[in-house]
Structure formats: C-alpha cells, structure tokens
Amino acid sequence: MLATVLHHPAPATGGPLDLARVADPEPGPGELLVRVSACAVCRTDLQLCEGDLPARRLPIIPGHQVVGVVEALGPAVAGTTGAGVAGPGGAAPAVGTRVGLTWLAGTCGHCRFCVRGDENLCEAARFTGWDRDGGYAELVVARAGFAHRLPDGPADADLAPLLCGGVIGWRALKVCGVQPGQRLGLFGFGASASIVIQVAVHRGCEVYVCTRSERERVLAIELGATWAGDFAERPPELLDAAITTAPVGDAIVHALAALDRGGVVAVNAIHLDRVPEFPYDLLWWERQVRSVANVTRADAREFLAVAAEIPVVTRHEQRPLDEAGEALVDLAAGRVEGSVVLIP
Ligand SMILES: [Zn+2]
Ligand SMILES: [Zn+2]
C-alpha cells in the first residue's frame, strides 16, 4: 500500500514525511483492516513530526482522524450486519461498515482508570498514529472495539475532522463544566475550537473568543460568538468557564484573568511550552486549571451523536495523500483554514 511514513522527526519545512510503498498491514486477533477514505490532519501530527511530541515508535505512519470502510476482520472478531455499537459489550463492525478511528487506539480494560470509566487515563493506553500506525495510508489496522460506526449521511471528508478536534473539544466542554446559558471563553480558535463553538452556541452559551488571528476572529463571529478579540484584550464579561487550545502556556493566564469566581479553565493541549508564573489572585476564589487528556470511547460516541443532531459543520480542504508534508508546512505557518483532509 501507499503510506506516508515518519522516520526521523524534523521541522516540517525539512520534509520529515516520506511517501513510500510498504507491505499491507494484516489484522491480528480482535483487529479490523480498514481501507482509508479520508484522514484529517491534526496539530498533534505536526508536533509528532517535528519532535515536540516525542515519538513512541519509529518509523510510524501518523494520522488519528481516520474514516474508512472495514475491509477484513482478523481472527476472533465477531462481525455482525446489525446496528450494534463498537465498544465494550457491542458487536464489532462487519465488513463493509464505514467506521471512524480516533486518537484512542486501545486500553487495558482492567486498570483502576479503565474500570471506573476513565479509560483516557489508562496507563497502558495506546494511541493511533503514535503507538500504532495511523491513517496517512491506504490501509490501517485497528482494534475492533476502538472503531466507531459513523452516522449515515455526511461525506467521509466532512466527518474526519470531527474525530479528534471534535471529540476532544467535546471532552474539553465536559471538563470545563460550562452549563447551558453560561459564558464560555475560547482561547485559541483552530479546528477544535471552531467545532466547540457550534456545540456551545447550540446549547445556548454565550461564547467569547480570543485569538491573535483577525481572520479567525471574523470566523468566530460568523459562527455565533458574542465577542471576539485579541489575547491582550479582556472579554467584556467575566467567564464561567474557558477552554484554551492555543499551543502556548500564556493562554492559560489570559483565560484565568477573564474567569469569574469558581470558574474552570480546561487546557486542551497535549504539548505546551510551559505554564508561566502568575499571581495567586488569579487562582483565588476557587478557580481551577485542568488539563484535558485524550478521549474515551464514550466521548466519541456522545459527540458523534451530538454533531449529527446539530449538525456540526467543518471547514476543510482536501488534498491527496502525497501532499501530507506540504499540509504540515502550511499548518505550522498558520495557513490552514479549518482542517486539511488527506485523501489516499
Ligand atoms: Zn487501563
Ligand atoms: Zn488530534
């Protein structure tokens, strides 16, 4: 098959990805072989390719927002033709089913975190495109219980950007605890935040957006933001909750400074440069800072249902698989509107 492979992390402009013909992967016990139809590019892919996120395995095929069709079942996978749901207790998707793969590729299922429903914290968790080869390829193998059946209707390329940015954005909304009708701040306005705002506005929240990009501020207002400004500006009202997605620790301090008493800042970043020192007064009055780590399968199921109901719209440009490297360069340079979706 054709795949885009990371051998040695390097700056995106140095071309760390190689397009190569590699052996077709074979599904092992409990696994599915999926023919990839679309794979959206995530900022985490860029951080992995550039080495900001240390590689867990090299070479690796990146990509963890994968839409495809089940082409074969490995041994000991009970496929059905019914409408069961992938995941604990559910039937595995049958051959021919359209599925989505997310960042969470596998968990142990029996540690203290897994048994209490926090499988995103599993110490043995495995991740798509980090521990296991991902979707920058024509074929990918996934654990059957971690492949999500996708709703009928939306095109493959429309669904792919939902599978990380959308699902982790949904988790961030839960972590920050914002309730319908409350004020939510979004600090950074990339692919994930442009999905989160649609869910928050749908739930009757007032959304305040801080981003350096004038273009993103315009988009935020189009998507229903009450106010949009620069990081240096303070939103005109105190916020009940905030989500930071900007890849800089300063955003956390800006968010805290805009927060009402008892508010929560959810930090949605797998890698941050640092958290700057800040006066304790910003944290006083029971304000909280929480990180958002990975996702659970329940997050994915819940969000895919919500996204279909609203419906959430993603902006994306489609590019052939062999332009994955250029896509990373554009993402690093801030030239991507919404998401890039790679089509093998
Ligand atoms: Zn576990
Ligand atoms: Zn991601």
Side-chain angles (χ1 to χ4, degrees), residues 4 6 12 30 36 38-50 52-56 60-67 87-88 100-136 140 142-143 145-146 148 159-173 175 188-196 243-247 266-272 291-300 303-304 307 312 314 316 324 327-328 331-332 336 338-342:
T4 307
L6 175 69
V36 179
C39 183
V41 175
C42 176
R43 182 163 288 275
T44 302
D45 303 342
L46 174 65
Q47 294 179 327
L48 171 69
C49 290
E50 294 201 316
D52 288 330
L53 179 67
R56 289 231 203 151
I60 183 88
I61 300 171
H64 57 270
Q65 308 192 80
V66 190
V67 176
L101 308 182
T102 72
W103 176 238
L104 190 70
T107 55
C108 78
H110 52 72
C111 72
R112 62 195 184 284
F113 302 112
C114 285
V115 295
R116 74 180 196 208
D118 296 329
E119 66 179 1
N120 60 308
L121 304 182
C122 175
E123 289 173 339
R126 293 290 174 265
F127 301 100
T128 314
W130 198 24
D131 297 294
R132 300 178 62 116
D133 281 334
Y136 287 20
V140 63
R143 278 179 60 178
F146 290 79
H148 297 271
L159 288 169
L162 300 179
L163 292 169
C164 183
V167 177
I168 200 155
W170 172 255
R171 184 167 189 88
L173 273 172
V175 166
F189 201 71
S192 181
S194 68
I195 294 171
V196 167
I243 298 171
T244 71
T245 48
V267 182
N268 183 357
I270 191 170
H271 165 81
L272 264 193
S291 62
V292 182
N294 310 320
V295 292
T296 66
R297 283 172 283 180
D299 292 329
F303 173 70
L304 286 168
V312 169
T314 59
H316 52 78
L328 292 185
L331 188 61
V336 173
S339 306
V340 171
V341 177
L342 300 173

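Basis for what follows: all heavy atoms, side chains included, without hydrogens, waters or symmetry-related copies. In each ligand, atom 1 is the first atom listed, and ligand 1 is the first ligand listed.
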Novice: Please confirm if an N, O or S atom belonging to Cys108, backbone or side chain, lies less than 2.8 Å from the Zn ion (ligand 1).
Specialist: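 For Cys108, the answer is yes, given that an N, O or S atom comes within less than 2.8 Å of the Zn ion (ligand 1).
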Novice: Please calculate the SG(Cys114)-the Zn ion (ligand 1)-SG(Cys111) angle and round it to 10 degrees.
Specialist: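 It comes to 110°.
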Novice: Angle at the Zn ion (ligand 2), NE2 of His64 to SG of Cys42, rounded to 10 degrees, please.
Specialist: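 That angle works out to 110° after rounding to 10°.
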Novice: Would Arg56 count as a cation-pi partner of Phe127, with NZ or CZ less than 6.0 Å from the six-membered ring centre and within 45° of the ring normal?
Specialist: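 Pair Arg56/Phe127 does not count as cation-pi.
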Novice: If we only count heavy atoms from C-beta on, is the Arg116 to Leu121 side-chain gap below 4.5 Å?
Specialist: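 Yes, side chains in contact.
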Novice: Which label fits Trp170 and Phe303: parallel for a plane angle under 30°, tilted from 30 to 60°, or perpendicular past 60°?
Specialist: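 The rings of Trp170 and Phe303 sit tilted, inter-plane angle from 30° to 60°.
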Novice: Does a side-chain N-to-carboxylate-O contact under 4.0 Å join Arg112 and Glu123?
Specialist: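 Yes, charged N to carboxylate O under 4.0 Å.
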